[in-house]
Amino acid sequence: MAYLEFNKEELVNLEYSLNREILLTNRAGGYINTTIVGCNTRKYHGLLVVPIANFANERHILLSTLHESLIQHGSAFNLGISSYGKVYEPRGHKYIIDFEMDYASTVTYRVGGMIFSKTVMFVRETEEVLVKYTLLDAHSETRLRIKPFLAFRNIHSLTHANGRANTRYSVAENGVSFKLYEGFPTLYLQLNKKGDWVANPDWYYNITYKEESRRGFDDKEDLFVPGYFELPVKKGESIILSASTSEVKPRSLKSRFDAEVAKRRDNSRNCYDDCLKLAGQQCVLKQNGKYSVCAGYTWDYEDLRYSLIAISGLTIYNDGDTKHFEAVIENLLTDKRDRLFKAGNEPDLPLWLFRTLQQYIEYGASAEYVWKKYGQTLSALLDTYVDGSRDEIVLHENGLLWAQKENTALSWMNVYSNGVPVTERYGYQVETNALWYNALCFAVAMDDKYGGGRLKDKWNRVINSIKANYTNYFLIEGRGYLADFYNDKGKNDFMRPNQLMAVAVEYSPIEDEVKMAVLKAVRKELLTVRGIRTLSPKNPLYKAVYEGDQRSRDNAHHNGCAFPWLLGPYVESMIKLLGKDCVKSSMELLNAFEEDINIHGIGSVAELYDGNPSHRPHGCISSSVSVAEIIRGKYLLNKINKGK
């Protein structure tokens, strides 16, 4: 019995099954994403989705879905399912009796005396999906029909019937190939067994994606169906289909499928921790020899701030993977250098790098090695805050950084509604200045020990000024917590989680007494069983539910929704202040997500949750920072519990 499994009653209930999605990736930017019954409910869903170099490496859906039919005695039983508004046609989900998710997804159908399984797997670092069909039981001659639905479009758009599409096909060995538009790769559909290809080109109109309807977006598209494969299948026989951007040798498909299975047997989803591990690994991508972090599946691609927050949890704290940790950092420092060193909308971005490297040392890397390798870069990054490189942020005489850019959100709370930032937060930001102080102290300490010791002369005055002024500017007397930001209107007294960073960082500008008060306030007003709220329920702007049209969701995003990734700095703060006394309660918080491991994106953790019970998941079905900070938190708790 698989850890992630659904029974017939759950599967045939569309209200239940259409809200549970699978995700399989090739760890090179490609993915498979659909619901557990195979009905696409988002424009992002597809069976073969890959980045395309000709289109700025943006992801595109080539193969949207496959509809299979079993044929006996001249009667066809269609196992597929698509939505046309309120009508589902065909309704193949009624035949499903079991679903299992591991390194592949397997659906089992029962049609009369026929029992039939379909296993889908993405080949690692290759743009090829393998689908294995097995007729487990049958009492009469049986034929299998496979009908592909082609999209050839960007994941953020929808396609419609048009005269520009090249609807012709070319013959490949045991299959056919298609290229609907110029610039796209060719899609090859090939079988390990020779069958008939019946050309029957047609557009299927008004396929509807209910999740897009719910979110207030365009929800209908037309998909091109060029025809279908049909071939006999015997009891006990398996037929393998390859959907790929390269032509393959059909005779090798069975051995290649078996080899992929063998490689993954020791990397299965057998428990909650296994799911976290695999979800984390899927967020680290290798493309053209370079490594990066996918912020979240399926619509987020790359976010440098989230990359720096997540990479330690995805790699070193996940499975001791120092190689990919350093590879991602190296790529950021080369390909994304301008984003780190020049003006933009992310004044805090470079400061997260210091924290990431501190975590590397905390994990076990040599501090001397880290400073020798990255010290020059870190010193240069600090200089950009005083040499005029950044017009979005200014260093004041009090040592604090003032962030301001007209009509721009200059922090991780960067959602816009109708072009206007929902949480602008201009002025002295509580977390940016905590990160600033931490970065300066870390750099000076490392340089003093492993460098020439020159940085202390350059930065000690600023460090001392921050220490002297931080509490005065941010502490809200009588309330026991820190202002979210300070500007020309004074202290913003909104109770938000950003103040946690002043407690969690290695070098903190506040005293332990204030830290305890902050932690107590966060626990009382912001902590939930699915993360930390972004705003206190006592605030009149609080939005408990991430629902409704785009504007409603934008306003809720950072005004009440709970974010799992914030449990990372929360647990870290608990450990710093309470030690072993926090282990039990903190571990319960992180393990509570196991209750949701088969909801939304099965086997992973969502981007955000409603701020109030029942804390429904929303956003990306697999969020890199959510997964990473849960993994890191569990590692830190296990470490302190063992007395290390």
Task: Distance-only side-chain donor-acceptor flag, D321 / H324, under 3.5 Å - done: yes

- Quick check, are the ring centers of Y31 and F122 under 6.0 angstrom apart? no

- Please find out if less than 6.0 Å separates the ring center of Y609 from that of H615. no

Residues passing the side chain to side chain donor-acceptor pair (under 3.5 Å) test with N206, sequence neighbours excluded, are none

Using a strict 4.0 Å threshold on nitrogen-to-oxygen distance, state whether D137 and K235 make a salt bridge. yes

| Using a distance-only test with no angle check, is there a side-chain donor-acceptor pair under 3.5 angstrom linking E128 and S244? | no

Sorted by chain and residue number, the salt bridge (charged side-chain N to carboxylate O under 4.0 Å, His left out) partners of D596 (sequence neighbours excluded) come out as R530

Y205 meets the side chain to side chain donor-acceptor pair (under 3.5 Å) criterion, sequence neighbours left out, with none

Identify whether the distance between the nearest side-chain nitrogen and carboxylate oxygen of R553 and D549 falls below 4.0 Å.
no

Contacts satisfying salt bridge (charged side-chain N to carboxylate O under 4.0 Å, His left out) that involve residues 603-616 (not counting sequence neighbours) are E547-R616, D610-R616

With sequence neighbours left out, the residues meeting side chain to side chain donor-acceptor pair (under 3.5 Å) with R215 are E212

* Pair H60 + F55: ring centers closer than 6.0 Å -> yes

Residues 619-630 vs salt bridge (charged side-chain N to carboxylate O under 4.0 Å, His left out), sequence neighbours excluded, gives E629-R632

So ring-ring contact (aromatic ring centres under 6.0 Å, His included) across residues 217-265, not counting sequence neighbours, yields W197-F229, W203-F224

**Message:** Do the side chains of E221 and R153 get close enough for a salt bridge, i.e. N-O under 4.0 angstrom?
**Reply:** yes

Identify every side-chain donor-acceptor pair in residues 87-98 under 3.5 Å, counting partners at least two apart or on other chains, and give the distances.
none

Of V131, L241, L253, the one forming a side chain to side chain contact (heavy atoms under 4.5 Å, CB included) with L191 is L241

The complete set of salt bridge (charged side-chain N to carboxylate O under 4.0 Å, His left out) pairs with one or both residues in residues 8-21, sequence neighbours excluded, reads E21-R42

Here the salt bridge (charged side-chain N to carboxylate O under 4.0 Å, His left out) pairs for residues 184-203, sequence neighbours left out, are R143-D196, K193-E237

Review point. Using the ring of each side chain (for Trp, its six-membered ring), is H618 parallel, tilted or perpendicular to Y546, with breaks at 30° and 60°?
Key: tilted

| said: Under 6.0 Å between ring centres: does that hold for Y109 and F99? | reply: no

Can you tell whether the side chains of D102 and R264 come within less than 4.0 Å, N to carboxylate O?
no

Those residues at least two apart in sequence (or on a different chain) that pass side chain to side chain donor-acceptor pair (under 3.5 Å) with R269 are none

For residues 61-70, the side-chain hydrogen bond (donor to acceptor under 3.5 Å, both in side chains) pairs (sequence neighbours left out) are N40-S64, H67-S82, E68-K118, E68-Y133

Next on the checklist: Looking only at the side chains, is there a donor atom on one of Q190 and N174 sitting less than 3.5 Å from an acceptor on the other?
Outcome noted: no

